[in-house]
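Here's the structure we're looking at; comments come further down.
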Amino acid sequence: MITCLSKERDWQVLKLVLAQVPSVLQNKAILSRYGTALHKFVDPLIDLTKPNSPYPDCLKNLQIHRLSKSDFHNAVYPVLAAMAPYNEY
């Protein structure tokens, strides 16, 4: 999942993974496995939203002609917000 967040270029796949991350975070076994390394999930998400990020322009398999940066960020920011309560891990 972490590799997908940092390398996936297919929008349909990335969108599905982004939608599932909050559910995955509810799995305490995953949280205990990563412990304080939860940043391995957060860092790729932050990289997706950096001003110099190639996203969303590098994405393929779009249902529309072009995905705007704000629409892309609207898919990423809720995932980052879902991770906020797990900051203690």
Side-chain angles (χ1 to χ4, degrees):
M1 180 176 275
I2 294 170
T3 302
C4 179
L5 290 174
S6 60
K7 297 185 179 183
E8 186 59 56
R9 297 295 194 252
D10 186 313
W11 173 235
Q12 298 306 313
V13 173
L14 184 59
K15 184 170 62 171
L16 179 65
V17 170
L18 288 170
Q20 295 304 314
V21 169
S23 298
V24 169
L25 289 174
Q26 293 178 2
N27 185 336
K28 299 298 182 191
I30 288 178
L31 290 178
S32 65
R33 177 177 175 211
Y34 284 98
T36 58
L38 192 60
H39 67 88
K40 290 182 179 178
F41 275 104
V42 175
D43 290 348
L45 289 168
I46 291 172
D47 289 343
L48 292 175
T49 62
K50 287 184 177 177
N52 61 346
S53 170
Y55 289 90
D57 296 332
C58 68
L59 293 171
K60 60 182 182 180
N61 197 14
L62 302 171
Q63 301 272 326
I64 55 177
H65 176 65
R66 183 170 184 258
L67 184 65
S68 72
K69 211 173 243 298
S70 62
D71 287 339
F72 179 70
H73 287 173
N74 285 338
V76 176
Y77 286 140
V79 180
L80 283 169
M83 291 184 160
Y86 300 98
N87 190 33
E88 67 182 271
Y89 294 103

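Here the structure is a predicted model, which is why all the values come from computation and not from measurement. Positions are given from 1, in the same order as the sequence printed here.
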Sequence neighbours excluded, the answer for side-chain contact (heavy atoms from CB on, under 4.5 Å) partners of Thr49 is His73, Val76, Tyr77
In short, salt bridge (Lys or Arg N to Asp or Glu O under 4.0 Å) pairs touching residues 9-20 with sequence neighbours left out are none
Ser70 meets the side chain to side chain donor-acceptor pair (under 3.5 Å) criterion, sequence neighbours left out, with Ser68
State yes or no: do Leu62 and Leu16 share one hydrophobic cluster built from I, L, V, M, F, W and Y residues joined by side-chain heavy-atom distances below 4.5 Å, directly or via other members? no
Note: Val42 and Met83 closest approach over all heavy atoms is CG2-SD, 3.4 Å
- Within-4.5 Å side-chain heavy-atom neighbours: Asp47 and Ser6: no
For Lys50 and Lys69, the nearest pair of non-hydrogen atoms, with its separation, is O-NZ, 4.3 Å
Rounding to 0.5 Å, atoms CG (Leu67) and CG (Asn74) come to a distance of 9.5 Å
In this structure, CG of Leu59 is separated from CG of Leu48 (nearest 0.5 Å) by 8.5 Å
Residues pairing under salt bridge (Lys or Arg N to Asp or Glu O under 4.0 Å) where one sits in residues 56-68, two or more places apart or in two chains, turn out to be Asp57-Arg66
Ring pair (Phe, Tyr, Trp, His ring centres under 6.0 Å) filter on Phe72, not counting sequence neighbours, yields Trp11, Tyr55
Residue set satisfying salt bridge (charged side-chain N to carboxylate O under 4.0 Å, His left out) with Lys7, at least two apart, ordered chain then number -> none
Applying salt bridge (charged side-chain N to carboxylate O under 4.0 Å, His left out) to Asp43 and not counting sequence neighbours gives none
